[in-house]
Amino acid sequence: MNLDDLRSQLRQQADEVDPLVAAPLPEIRRRSTSLKRRRIAALAGGVAATVALAIGFLPSVIHNSAPDPAAPPKDYTRNGITLPGTVGADWLQRPWIGAPGEVPGEFDWMPKSQQDVTFRPFCRTSAARAKDVRVTVNGHLLVEKACDDTGSSPTKTETIGPNSVLWIDTPRDKFATVRVFVVDRTSKLVGDPTAQVALGIYSSPPKAPEPNGVPERVPPTQPGDYVKDLVRYRATSGADTLAGAIVGDPGQENLTLRFTATGEPIALRLFCTANKGGSDDPQYRLAIRVNGGAARDEICFNASTDATIEGNHPLPGRFPAGQAMEITVALVKTDGTPTTMPDVRLGVGAYFQQPLRVIKDGNGATKSLEEAIEMGGYDYKLAEVRTVDAASVRQMSIATPAGKPYLLVAGSTSLGSPTAAGVLDDRGTETMMMTNAPMDDAFGMTVTGRPAYPSAGRATLKVTAGKPTKGKLVIALYLP
């Protein structure tokens with residue numbers, strides 16, 4: 001057998017396995033075994049000639065040939081549905097298309113990296129009730145979209161980034177279990193015999209920020225960060241500084257964090273992966289004790305391994321400088337019963353909080369503004385605050401800069417009108433402002449991020465409904 005014959009034989013064997021055919025893992029293993037047997041039979045007769053040829057020519061082959069560039073994947077069509085091989089810069093990694101009524105669908109997927117991955121689900125149904133298609137990977141709910149496709153290709157997307165909690169227990173180059181199923185939107189019951197579902201998993205380049213959004217990045221590591229098994233508590237967040245953090249081992253259902261108070265306010269940032277099905281259907285919570293006091297419980301859910309940005313829980317009161325602090329967290333069911341999970345990850349970090357700028361309205365009501373805010377991985381500092389009496393002035397504005405991104409924080413103190421509503425208008429983009437009536441008749445504080453614009457502008461906060469009898473409208477500008 002000469003070298004050309006050898007190459008031809010290997011190509012024929014490679015063609016026998018279509019990399020875009022959705023085959024379960026046992027079938028892949030059977031194919032691999034069959035191919036190995038055929039390779040042994042085909043190559044045994046020519047092994048001596050091949051070795052002699054390799055001795056004479058292998059060095060020149062190594063030095064003079066380069067690998068072929070990767071070809072874009074082809075479209076994958078099955079059961080009347082097509083998953084495109086490429087969508088812009090996204091390349092199809094793993095397709096799966098079910099037959100009508102083949103719900104739920106389950107298959108294996110091997111991630112090649114722990115970077116941006118885009119899921120493109122397809123779902124159509126003849127059911128009269130509204131349905132949603134959901135996608136889980138290793139039990140993590142990653143996609144929930146309306147089951148209302150009418151064409152023959154997916155139209156909806158969901159992208160997860162390198163900070164997704166999925167990657168904690170989904171290593172690269174190892175098989176993960178993907179499940180695609182249909183849920184009744186009202187009853188939450190799983191199943192629909194009239195549905196047909198499909199899913200394309202695509203590798204994606206890093207996503208650009210939205211056209212009217214602030215720049216985004218993964219914040220760079222810094223001295224003092226606490227990192228364990230991808231979970232990260234950053235040394236600083238805005239103007240808050242890390243007092244201490246701890247992340248447990250897989251299955252560790254309780255943790256204890258110890259540090260020393262400085263007299264500054266303290267807030268906890270919690271991390272918990274128990275509710276893989278999402279935050280809207282929690283089965284587990286975290287019981288928290290401070291210095292052995294009474295337990296209080298908080299929701300157990302995180303979407304990002306950046307534990308700094310989620311689950312901010314300020315501790316009531318002040319703790320004097322030098323006081324020893326002990327924070328314990330334990331996994332419990334929704335009824336408070338302690339429980340365990342074999343792969344759960346828990347974490348708790350304590351942060352010394354920055355001082356707040358308090359806005360008083362003369363009626364005893366206040367609103368607080370942080371001196372620094374983080375958004376999109378960048379820090380912004382409070383640059384200007386404007387207030388007006390809402391009873392006499394129904395709108396106000398603030399200048400916005402040219403050439404730099406900025407944040408707007410807008411809201412109000414109590415307005416004396418439970419029907420009050422408003423809008424924050426910035427360069428034609430409107431953000432609705434609503435009260436929390438009947439609990440609270442104040443506008444909640446809304447944070448809006450903007451990119452750098454070539455010219456300066458003005459943002460306006462105005463009351464559009466209701467008749468305020470008291471209180472202040474508040475609008476604040478934050479700059480990088």
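Index from 1, following the sequence.
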May I ask you to decide if P418's main-chain N or O and T435's side chain share a donor-acceptor pair within less than 3.5 Å? yes
When you measure from the centre of the six-membered ring of Y76, is the NZ or CZ of R78 closer than 6.0 Å and no more than 45° off the axis? no
Residues at least two apart in sequence or cross-chain that pass salt bridge (Lys or Arg N to Asp or Glu O under 4.0 Å) with R234, listed by chain then number, are D306, E374
Has the side chain of D149 got a donor or acceptor atom that lies under 3.5 Å from a matching backbone atom of C123? yes
Partner set under salt bridge (Lys or Arg N to Asp or Glu O under 4.0 Å) for R129, not counting sequence neighbours: D184
Considering non-hydrogen atoms only, spot the tightest contact between S304 and F271 and give its length. O-CE1, 3.3 Å
D335 vs T337 side-chain heavy atoms within contact, under 4.5 Å: yes
Is the closest side-chain donor-acceptor distance between R124 and Q196 under 3.5 Å? yes
Between S153 (side chain) and T82 (backbone), is there a donor-acceptor pair under 3.5 Å? yes
Going through the distances and angles, do S164 and H140 end up as a side chain to side chain contact (heavy atoms under 4.5 Å, CB included)? CA-CA 10 Å; S164 171; H140 291 276; over 6 Å; no
Salt-bridge present (R345, D169; N to O < 4.0 Å): no
Yes or no on side chain to side chain contact (heavy atoms under 4.5 Å, CB included) for Q283 and N275, after CA distance, side-chain angles and deciding distance? CA-CA 6 Å; Q283 302 179 47; N275 290 309; 3.9 Å; yes
Of L255, T256, V348, the one forming a side-chain contact (heavy atoms from CB on, under 4.5 Å) with T328 is T256
Go through the steps to decide whether D192 and V103 satisfy the test side chain to side chain contact (heavy atoms under 4.5 Å, CB included), and finish with yes or no. CA-CA 7 Å; D192 180 357; V103 181; 5.6 Å; no
Could you pull out the closest heavy-atom pair between V358 and S368, with the gap in Å? CG2-OG, 4.0 Å
If only atom types and distance count, is the side chain of R450 paired as donor or acceptor with the main-chain N or O of P405 below 3.5 Å? no
Nearest atoms (heavy-atom pairs only) where Y380 meets M375: CE1-O, 3.7 Å
Over all heavy atoms of both residues, which pair between V197 and V133 is shortest? Give the atoms and the distance, please. CG1-CG2, 4.3 Å
Run D132 and K145 through salt bridge (Lys or Arg N to Asp or Glu O under 4.0 Å) and show every step you take. CA-CA 5 Å; D132 291 322; K145 303 288 186 182; over 6 Å; no
Can any side-chain N or O of T170 pair as donor or acceptor with the backbone N or O of L166 at less than 3.5 Å? yes
Mark yes or no for whether Y233, through its side chain, and V247, through its backbone, hold a donor-acceptor pair below 3.5 Å. no
Angle class for the F107/W96 ring planes (parallel below 30°, perpendicular above 60°, tilted otherwise)? parallel
Working to the nearest 0.5 angstrom, can you tell me the gap between M445 CE and I475 CD1? 9.5 Å
Should T448 and D426 be marked as a side chain to side chain contact (heavy atoms under 4.5 Å, CB included) after you check the CA-CA gap, both sets of side-chain angles, and the distance that decides it? CA-CA 9 Å; T448 304; D426 181 33; 5.7 Å; no
Which atom names give the shortest non-hydrogen contact between S126 and T194, and what distance separates them? OG-CB, 3.2 Å
Looking at side-chain heavy atoms only, is the closest gap between V180 and P121 below 4.5 Å? no
Inspect the surroundings of CE in M434 and state if more than 12 heavy atoms from other residues, nucleotides or ligands are less than 6.0 Å away. no
Look only at the side chain of Q114 and the backbone of W167, and say whether a donor-acceptor pair between them is shorter than 3.5 Å. yes
Do V290 and M325 come within less than 4.5 Å of each other through their side chains, counting heavy atoms only? yes
Rounding to 0.5 Å, atoms OH (Y226) and CZ (R232) come to a distance of 14.0 Å
R120 charged N/C atom sitting above Y202 aromatic ring, 6.0 Å / 45°: yes
Basic-acidic side-chain contact under 4.0 Å: D249, K228: yes
Mark yes or no for whether T273, through its side chain, and V344, through its backbone, hold a donor-acceptor pair below 3.5 Å. no
State which residues pass salt bridge (Lys or Arg N to Asp or Glu O under 4.0 Å) with D441; sequence neighbours excluded, sorted by chain then number. none
Does N254 use its side chain to pair, donor to acceptor, with the backbone of V329 at less than 3.5 Å? no
Ignoring hydrogens and angles, tell me if any N or O in the side chain of Q354 forms a donor-acceptor pair with the backbone of E371 under 3.5 Å. yes
Where is the tightest heavy-atom contact between A350 and L242, given as atom of each residue plus distance? O-CD1, 3.5 Å
